[in-house]
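Comments concern the structure below.
Bear in mind the structure is a predicted one, so any value in this text is a computation, not a measurement. The chains referred to below are lettered A, B, ... by the order of the sequence lines, with proteins before strands, and numbering in each begins at 1.
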Number of protein chains: 2
Amino acid sequence: MSDVHETGPQLSRGEFGLLILALLGRREMYGYEIVAELRRASEGDIDLPEGTVYPALRRLERDGLIGGHWVDVGSGAPRRRYYRLTSDGERALADGRTDWLRFKTAADAVLGG
Amino acid sequence: MSDVHETGPQLSRGEFGLLILALLGRREMYGYEIVAELRRASEGDIDLPEGTVYPALRRLERDGLIGGHWVDVGSGAPRRRYYRLTSDGERALADGRTDWLRFKTAADAVLGG
DNA sequence: CTCCTGTACCTAGAGACCCTAGGTACAGAC
DNA sequence: GTCTGTACCTAGGGTCTCTAGGTACAGGAG
C-alpha cells in the first residue's frame, strides 16, 4: 500500500506533503513560492499557512524525498531555499497519485450514495 | 468555509468523520457495522480499525452531530450502540460533501498538471 | 524619518487525530 | 478446551496542522 512516507494505511496523513511533491514535480521551487503557487493552482481553495509548509518541507527533506539548496538572490533580498524531488521523491509522488486516485474513488463510493 | 466540526481550513482533519456521517446518512448503524460497511462500500480500500472508529463516533456524538442509543439484541449477543444523524449532523454532512468536492477539485488541479 | 508592507525564512506549543495493542464478555464450532 | 466471531472499549505514542509569534532587509507612503 504505497504511502507518501510512513503514513497509516490511508492518505489522510501527509496529504499536503503529496501536494507539495506534486508542485516540485513540475519544477524547483522555494517555500514561500510554494505557498503562493498552491493557492494559485487551486484557485484559492488550498491555502496552507507558512507554519504548515515549512515544517512539511523539513519532513520531506529529512525523509529524503526532496533535496534543498540555498540560493542567494542578491541585493539585500532574503535568500531562498530551493527544493527539488529526489528519485525517492519521484517514486513517492507516483505512489501518492495512485493512492489519491484510489482514496478518491473509495471516498466517492461512500459519500456518493 | 464549512467544516465537518472545528477542523482547520481544509478537509484533511476529520475526514474519516465525514465518511462515517455519510454512512449514517443512509441509515442507522452501530460501530462494528460501520467498520465492515466502510470496508464493503469502498471495496476494501478504506479499512479503519476499531481504535479509529469508536473514538471518532464518540467525538461526533460529543459534538452533537450524531446521537446514539443502546439496543439489546438478546440471547447473549453483545448489545449494540446504534447511531443516527442529528439535524446538525445532516448539515455537517451537506457541508462536508461540498468541502470534499472543492478539495477534490483543488487537489486534482495541483496533482493533475 | 518613521511606519508599513512585502519578501523569505524559522520555531514553540497547543490541539487534534490515527493507530497499535491491548482488554472485556459471551456464544457457538471443532 | 480452544478458537473464532460479535461488539464494545481505552491508554498511549507518534504525527500532523495551525496559531502566533520572531528575524532581517528593502522600498514606498506620509
- Looking at side-chain heavy atoms only, is the closest gap between B:Ile34 and B:Leu24 below 4.5 Å? yes
- Item | B:Leu85 vs B:Leu93 side-chain heavy atoms within contact, under 4.5 Å | yes
- Please report, rounded to the nearest Å, how far the P atom of C:dA16 is from the CD atom of B:Glu15. 18 Å
- Note on the structure: Nearest-nucleotide check on DNA chain D, A:Ser75 vs A:Ala56; residue mapping nearer the 5' end is A:Ala56
- Task: Would you check if A:Glu28 and A:Arg80 make a side-chain contact, meaning some heavy-atom pair closer than 4.5 Å?
- Result: no
- Message: Just the rounded figure in Å: distance from P of D:dT17 to CG of A:Leu18.
- Response: 11 Å
- Query: Are any of B:Arg59's side-chain N or O atoms less than 4.0 Å away from OP1 or OP2 of C:dC18?
  - Reply: yes
- Query: Is B:Leu48 close to B:Ile46 at the side-chain level, that is, under 4.5 Å between some pair of heavy atoms?
  - Reply: yes
- Message: One character per nucleotide, please: for nucleotides 3-11 of chain C, 5' to 3', B when the base has a protein heavy atom closer than 4.0 Å, S when only the sugar-phosphate does, - otherwise.
- Response: ----BBBBB
- Message: For a side-chain contact (heavy atoms from CB on, under 4.5 Å) check, start with the C-alpha distance between B:Tyr32 and B:Tyr54, then their side-chain angles and the critical distance, and finish with the verdict.
- Response: CA-CA 9 Å; B:Tyr32 199 78; B:Tyr54 287 116; 3.8 Å; yes
- Message: Given 3.5 Å as the limit, does a donor-acceptor pair link the side chain of B:Arg81 with the main chain of B:Gly68, or not?
- Response: yes
